[in-house]
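Take a look at the structure below.
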Amino acid sequence: MNQPTETTTTNCLIVGAGALGLLLAYALERSSQENQKPTRVLLHNRTPLVNCIDFELATGSKTKVQFAVETTSPTQCLAKVNPAIIFICVPPESTESVFLDWLNALESPATSKKSVLFVFCNNGCLSARTLERISCAGPQFSFIRALFFVGAIREKNPTGCLVRWTGGSRVIWNFLRTPSLEQISSPALIPGPFAQSPEQLAFMEWSQEKHIFQAERAKFFTNFMLAVGIGPKLAKNKTLSATLEDSIVSLQAEQFAILWEQLGVSADILKTTLQKTIQATGENINSLSLAAVHGNSDTMQSFFEFVAEEISASPRQSELAPMIQFLNTARTNWSSGK
């Protein structure tokens with residue numbers, strides 16, 4: 001089936017309408033208004049979503065924003081829109097399959113071969129299969145890893161949806177694969193906050209980070225330790241020190257540094273990232289804990305599995321006994337709801 005000859009150009013397609021995806025959509029809309037640079041934003045979600053979303057900023061001010069929402073398959077969606085940039089904002093355990101669905105659809109003979117930039121915004125760490133697929137994708141594609149140190153909560157109600165920004169504004173990013181010569185020579189092909197660095201996107205402050213995989217592991221450690229320490233409970237990030245002793249955090253930082261030594265990760269980097277995140281998003285409830293309270297522990301279970309796999313693959317596994325014990329205890333506590 002051939003693609004229609006006329007399509008609607010959508011600058012930014014956000015896949016995943018969770019708290020982060022919606023907050024990012026709002027930031028893009030607001031930045032477009034502030035900079036007087038028209039940006040069309042389309043949300044894609046697997047289930048229907050109310051078009052008009054309420055946003056509550058850290059200052060307490062509220063506003064309503066209306067978005068276009070698609071729920072069709074990637075192939076059907078791309079028959080109607082031509083995104084220049086696709087933000088992947090789904091949970092980490094779904095990132096690989098969702099990304100592959102969109103990339104495969106874009107590589108289909110029925111789809112326009114225009115340049116597309118993928119931005120991975122998920123928590124967790126990108127899988128080896130995802131990175132391998134990136135390395136062999138066509139030259140019209142570019143890929144970015146973005147890490148959000150931003151707190152947001154989505155609350156559904158019978159009449160709509162409220163997204164609260166609870167603090168934090170820092171976003172770091174870097175290319176996973178160098179853009180093509182065509183894109184470098186035409187900066188307009190690299191849209192949004194990625195044509196220059198750093199750049200403000202409404203209340204989000206974007207800056208390029210050279211060691212993005214170090215940063216990715218440090219953010220994983222932060223999310224993991226917050227979830228383990230707080231547990232599947234409605235407790236704010238700033239309460240971590242009351243439930244997890246600093247000595248335990250320090251020991252696990254040293255263990256994870258051993259686990260990820262090939263990436264140049266240090267215990268200091270891990271602890272500093274955790275401390276800065278708590279300072280910036282202390283009023284936020286960790287997303288892993290919040291999801292578990294609502295009956296969904298899939299992401300936390302994927303985190304446990306990821307750490308176990310990393311341990312199994314480590315050449316220094318014999319030195320990781322404290323981590324293995326910590327992991328087993330954490331799994332037991334989460335299973336019992338502690």
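Computed from a predicted model, the values in this text were never measured in an experiment.
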Can you tell if the side chain of Pro83 reaches within under 4.5 Å of the side chain of Leu78, non-hydrogen atoms only? yes

Side chains of Ile88 and Val119 in contact at under 4.5 Å (non-hydrogen atoms): no

Between CG of Leu270 and CD of Gln255, what distance do you get to the nearest 0.5 Å? 11.5 Å

Compare every heavy atom of Ala19 with every heavy atom of Ala152, then report the nearest pair and how far apart it is. O-CB, 3.7 Å

Sub-4.5 Å side-chain heavy-atom contact between Gln252 and Phe224: no

Test salt bridge (Lys or Arg N to Asp or Glu O under 4.0 Å) applied to Arg129 and Glu132, step by step: CA-CA 5 Å; Arg129 187 181 178 208; Glu132 181 181 356; over 6 Å; no

Check for a donor-acceptor pair, side chain of Thr239 on one end and backbone N or O of Ala242 on the other, with a separation under 3.5 Å. no

Return the CG to NZ distance between Leu57 and Lys62, rounded to the nearest 0.5 Å. 11.0 Å

Closest approach of Gly138 to Arg177 (non-hydrogen atoms, all atoms of both residues): O-NH2, 2.8 Å

Using the rule side chain to side chain donor-acceptor pair (under 3.5 Å), only one of Glu209, Lys210, Gln208, His211 pairs with Asn174; which is it? Gln208

Connected via hydrophobic side-chain network under 4.5 Å: Ile269 and Phe148: no

Would a distance-only check, ignoring hydrogens and angles, find a side-chain to backbone donor-acceptor pair under 3.5 Å from Ser73 to Gln76? yes

What about Phe143 and Phe175, are their ring centers closer than 6.0 Å? no

Keeping Thr332 on the side-chain end and Asn328 on the backbone end, is there a donor-acceptor pair under 3.5 Å? yes

If you count heavy atoms of other groups shown closer than 6.0 angstrom to CD of Gln325, is the number above 12? no

Side-chain heavy atoms of Cys52 within contact of Lys64, under 4.5 Å: yes

Just verifying a value: how many Å separate Thr281 OG1 and Lys276 NZ, rounded to the nearest 0.5 Å? 13.5 Å

Looking only at the side chains, is there a donor atom on one of Asp268 and Ser266 sitting less than 3.5 Å from an acceptor on the other? no

Rounded to the nearest 0.5 Å, the CE atom of Met300 sits from the CG atom of Leu288 at a distance of 6.0 Å

Can you see which heavy atom on Cys77 is nearest to which on His44, and at what distance? SG-CD2, 4.2 Å

Answer yes when Glu96 and Arg133 have at least one side-chain N-carboxylate O distance shorter than 4.0 Å, and no when they do not. no

Can a donor-acceptor pair be found, under 3.5 Å and without considering hydrogens, that links the side chain of Asn11 to the backbone of Arg40? yes

Could you go through Val50 and Val69, starting from their C-alpha distance and side-chain angles, then the distance that decides it, and tell me whether this counts as side-chain contact (heavy atoms from CB on, under 4.5 Å)? CA-CA 8 Å; Val50 293; Val69 182; over 6 Å; no

Cluster check Leu49, Leu162: I/L/V/M/F/W/Y, side chain < 4.5 angstrom: no

Please assess Met323 against Ile311 for the test side-chain contact (heavy atoms from CB on, under 4.5 Å), listing each intermediate value before the final yes or no. CA-CA 9 Å; Met323 176 186 287; Ile311 292 172; 3.5 Å; yes

For Phe120 and Leu126: C-alpha separation, side-chain torsions, deciding distance, then whether side-chain contact (heavy atoms from CB on, under 4.5 Å) applies. CA-CA 8 Å; Phe120 294 93; Leu126 297 180; 3.8 Å; yes

Any donor-acceptor pair under 3.5 Å linking the side chain of Trp334 with the backbone of Ala227? yes

If you define the side chain from C-beta out and look only at heavy atoms, does anything of Leu147 sit under 4.5 Å from Val171? no

Is the number of heavy atoms from other residues, nucleotides or ligands under 6.0 Å of Arg46 CZ greater than 12? no

What I want to check is whether the side chains of Asn286 and Asn237 have a donor and an acceptor closer together than 3.5 Å. no

dist Ile85:CD1 -> Cys12:SG (nearest 0.5 Å) comes out at 5.0 Å

Side chain proximity check, Phe326 to Val228, heavy atoms < 4.5 angstrom: yes

Under 3.5 Å, is there a donor-acceptor pair linking the side chains of Ser302 and Thr299? no

Could you go step by step and tell me if Phe220 and Phe303 meet the ring pair (Phe, Tyr, Trp, His ring centres under 6.0 Å) rule? CA-CA 9 Å; Phe220 177 93; Phe303 272 36; 4.5 Å; yes

Step by step, work out the salt bridge (Lys or Arg N to Asp or Glu O under 4.0 Å) result for Lys236 and Glu283. CA-CA 6 Å; Lys236 296 179 179 180; Glu283 294 298 320; 2.6 Å; yes

Which residue pairs pass the ring pair (Phe, Tyr, Trp, His ring centres under 6.0 Å) test with at least one member in residues 47-77, sequence neighbours excluded? Tyr26-Phe55

Check whether Thr243 reaches the backbone of Gly229 with its side chain - one donor and one acceptor, N or O, closer than 3.5 Å. yes

So does Glu245 have more than 12 non-hydrogen atoms from other groups sitting under 6.0 Å from CD? no

Correct closest heavy-atom pair for Ala202 and Ala27 would be CB-O, 3.5 Å

Test item: Ser312 side-chain N/O and Ala308 main-chain N/O as donor-acceptor pair under 3.5 Å: yes

Is Ser250 reaching over with its side chain to a backbone N or O of Asp246, donor-acceptor style, under 3.5 angstrom? yes

Within the 4.5 Å heavy-atom criterion, are Phe87 and Leu24 side-chain neighbours or not? yes

Specify the closest pair of heavy atoms between Ala257 and Ala267, including all atoms of both residues, with the distance to one decimal. CB-N, 3.6 Å

Hey, are the side chains of Asp101 and Thr75 touching, using non-hydrogen atoms and a 4.5 Å cut-off? no

Would you kindly check if the NZ (Lys) or CZ (Arg) of Lys219 is within the cone defined by 45 degrees around the ring axis of Phe149 and under 6.0 Å from the six-membered ring centre? yes

Identify whether Ile324 and Leu251 are in the same connected component of the hydrophobic contact network (ILVMFWY, side-chain heavy atoms under 4.5 Å). no

Are any of the side-chain nitrogens in Lys271 or Glu254 under 4.0 Å away from the carboxylate oxygens of its partner? no

Can you list the other members of the hydrophobic cluster that holds Ile153, where links are side-chain heavy atoms under 4.5 angstrom apart? Leu234, Ile285, Leu290, Val293

Determine the minimum heavy-atom distance between Val150 and Gly168, stating which atoms define it. CG1-O, 3.7 Å

Is a side-chain N or O of Ser289 found less than 3.5 angstrom from the main chain of Pro232, in a donor-acceptor match? no

Within the side chain of Asn45, is there an N or O that forms a donor-acceptor pair under 3.5 Å with the backbone of Ala17? yes

Is a donor from one side chain sitting under 3.5 angstrom from an acceptor on the other, for Glu310 and Trp260? yes

Under the side-chain contact (heavy atoms from CB on, under 4.5 Å) criterion, do Trp102 and Val116 qualify, and how do the steps go? CA-CA 11 Å; Trp102 283 96; Val116 177; over 6 Å; no

Rounded to the nearest 0.5 Å, how far apart are SG of Cys136 and CG of Leu103? 8.0 Å

